[in-house]
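Within every chain, numbering begins at 1; the chains are lettered A, B, ... in the order of the sequence lines, protein sequences first and strands thereafter.
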2 protein chains.
Amino acid sequence: MSFTYDYARPALTTDCVVFGLDEEDLKVLLIQRAIKPFKDQWALPGGFIQVGEDVDDCARRELEEETGLKNIFLEQLATVGTPKRDPREHVVTVAYYALVNLIEHPPTAATDAKHAAWFALDDLPKLAFDHADILKLAHERLRGKVRYQPIGFELLPEKFTLTELQKLYELILEQTFDKRNFRKKVAKLDILEETDELEQDVARRAARLYRFDRSRYRVLIKQGINFEL
Amino acid sequence: MSFTYDYARPALTTDCVVFGLDEEDLKVLLIQRAIKPFKDQWALPGGFIQVGEDVDDCARRELEEETGLKNIFLEQLATVGTPKRDPREHVVTVAYYALVNLIEHPPTAATDAKHAAWFALDDLPKLAFDHADILKLAHERLRGKVRYQPIGFELLPEKFTLTELQKLYELILEQTFDKRNFRKKVAKLDILEETDELEQDVARRAARLYRFDRSRYRVLIKQGINFEL
DNA sequence: TCAAAAGTGTTCATCTTACACCCATGG
DNA sequence: CCATGGGTGTAAGATGAACACTTTTGA
């Protein structure tokens, strides 16, 4: 079966930069390509858009097919359509970035033939196509966005300690914060709900667990409050 | 001549939301469609991407062909690919927004058969396709972006008064500012160059003209300074 | 001489930053 | 009992917001 058009069309794909957080690193989920071009090289998960499929849906579908991830935070990043970025033909890709927490989404999530694995941002393999550029763009967006929207919570488990939250921001923004000042700012945002639970199995005083309060967040957004750290 | 592919492909277009500023309004440049669908309705300038053409180049080309505008500030906004947004078939569009100053780019800029005209944001005609949604998105982006990047200058002539600058921000952000505080903030940004020229032909004390200092701006950006008003 | 907008400082409240010690826990 | 990170307050400086009058000019 084939499809014929009066004018030539570029191919259309989606690609997704999935960020995850573990104890000490910000990581990215990559897949190893099973087919040419760039066979066996690491690449961003993604694939071709189907006619009749919404672009966002395509990104979610490809992500689930190739990595098993679903129901995660996913947001459009940019569209890149430089003619030579794919050696086969002109391929325009709509890039997305996603945030997951590594504890609830373990590394061995691939469901098809390809491998999927997490890589620390400062220890990446050589990437296929222009995916290194897209990844860099995604990292910049994450750094920018995290300052005025509390999307960082997407990288944490449901309940987390304030120190974990602080480490997250330090990793993304590549700077350190004073513990007392950080806690003051977070408290003032008024989007954390204190639970009555403590950390488990730690060889020291256990820290209190907090939960991100989405409904409170929505109220504050409507009132026009901003979340800069 | 025709083109055949193994899999169906959505069509790919670019559309552009062009903002312009005159004395009292923020305006948008629209074209009147010469062909079906939505014949004679107003729409965003844009058109189909050619194979081998960079997506950004396509946006610039279509803009020049349909409105005569070139060498203006243009930035990608988002890609929308809802299947039913075009009644003919699945069309994915990469939306852009552009900023020009109306004085240097007069309203009658169309070079092909269609009309092009400026409309105040609060007095828009019914738009073709989902262009009203795209326009709304662009306006939100402009409001957001103007707060931390001095792109507002793209809407002003080369030399402008501080009052004009303030009016611009008030129009985009839909709020008013205190004249003294506004001037203090702008002065602290240190990106304006004072000229030795004054306004001409005004029936009152003439205001001093200033110029945006791009080189100074680039230096400040590298130092990581932010431009919030 | 009037109308219209230009231009200009100070005060008070708020926010930001820098900084150090005791506490609770498990090993 | 010790090592480890948890948790907490204050003071000084910087920043942001509110506010009104004199000046210049052309009509």
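Residue-environment remark: CZ (B/Arg214) stays at or below the threshold of 12 foreign heavy atoms within 6.0 Å.
Contact between the side-chain N/O atoms of A/Thr163 and the OP1/OP2 oxygens of D/dG6 is found at a separation under 4.0 Å. Side-chain nitrogen and oxygen atoms of A/Lys188 include none within less than 4.0 Å of the OP1 or OP2 phosphate oxygen of C/dC15. A sub-4.0 Å separation between OP1 or OP2 of C/dG7 and a side-chain N or O of B/Arg183 is present. Contact annotation: A/Thr161 side-chain N/O to D/dG6 OP1/OP2 distance is not under 4.0 Å. Side-chain nitrogen and oxygen atoms of A/Lys179 include none within less than 4.0 Å of the OP1 or OP2 phosphate oxygen of C/dA20. Between D/dT15 and B/Lys184, no contact under 4.0 Å exists linking OP1 or OP2 to a side-chain N or O.
For B/Asp201 and D/dA27, the CG to P distance is 9 Å, given to the nearest whole Å. Atom CG in B/Leu198 sits roughly 10 Å away from atom P in D/dG26 (whole-Å rounding). Across the protein-nucleic acid pair, B/Phe182 atom CZ and D/dA18 atom C1' stand 17 Å apart, rounded to whole Å. Rounded to whole Å, atom C1' of C/dA5 lies 16 Å from atom CZ of B/Arg208. For B/Glu194 and C/dG7, the CD to C1' distance is 12 Å, given to the nearest whole Å. C/dA20 atom C1' lies 13 Å from atom CG of A/Asn181, rounded to whole Å. Residue B/Glu199 contributes atom CD, which lies 15 Å from atom C1' of D/dT23 at whole-angstrom precision. Rounded to a whole Å, the CG atom of A/Asp178 is 12 Å from the C1' atom of D/dG9.
Aromatic ring pairs are classed by plane angle as parallel below 30°, tilted from 30° to 60° and perpendicular above 60°; the pair A/Phe212 and A/Phe153 is parallel.
Side-chain proximity of B/Arg204 to the nucleotides C/dA5, D/dG26, C/dT16 is greatest for C/dA5. Proximity note for B/Arg180 (side chain, C-beta onward) versus D/dG5, D/dT25, D/dA20: the nearest is D/dA20. Residue A/Arg205 places its side chain closer to D/dG6 than to any other of D/dC19, C/dG7, D/dG6.
Not less than 6.0 angstrom separates the ring centroid of A/Phe177 from the ring centroid of A/Tyr169.
In terms of position on DNA chain C, the residue among A/Lys185 and A/Ala206 whose nearest nucleotide sits closer to the 5' end is A/Lys185.
If you take CD on A/Gln149 and CD on A/Glu75, they are separated by 6.5 Å, rounding to the nearest 0.5 Å.
In terms of heavy atoms, A/Thr14 sits closest to A/Val55 at CG2-O, 3.8 Å.
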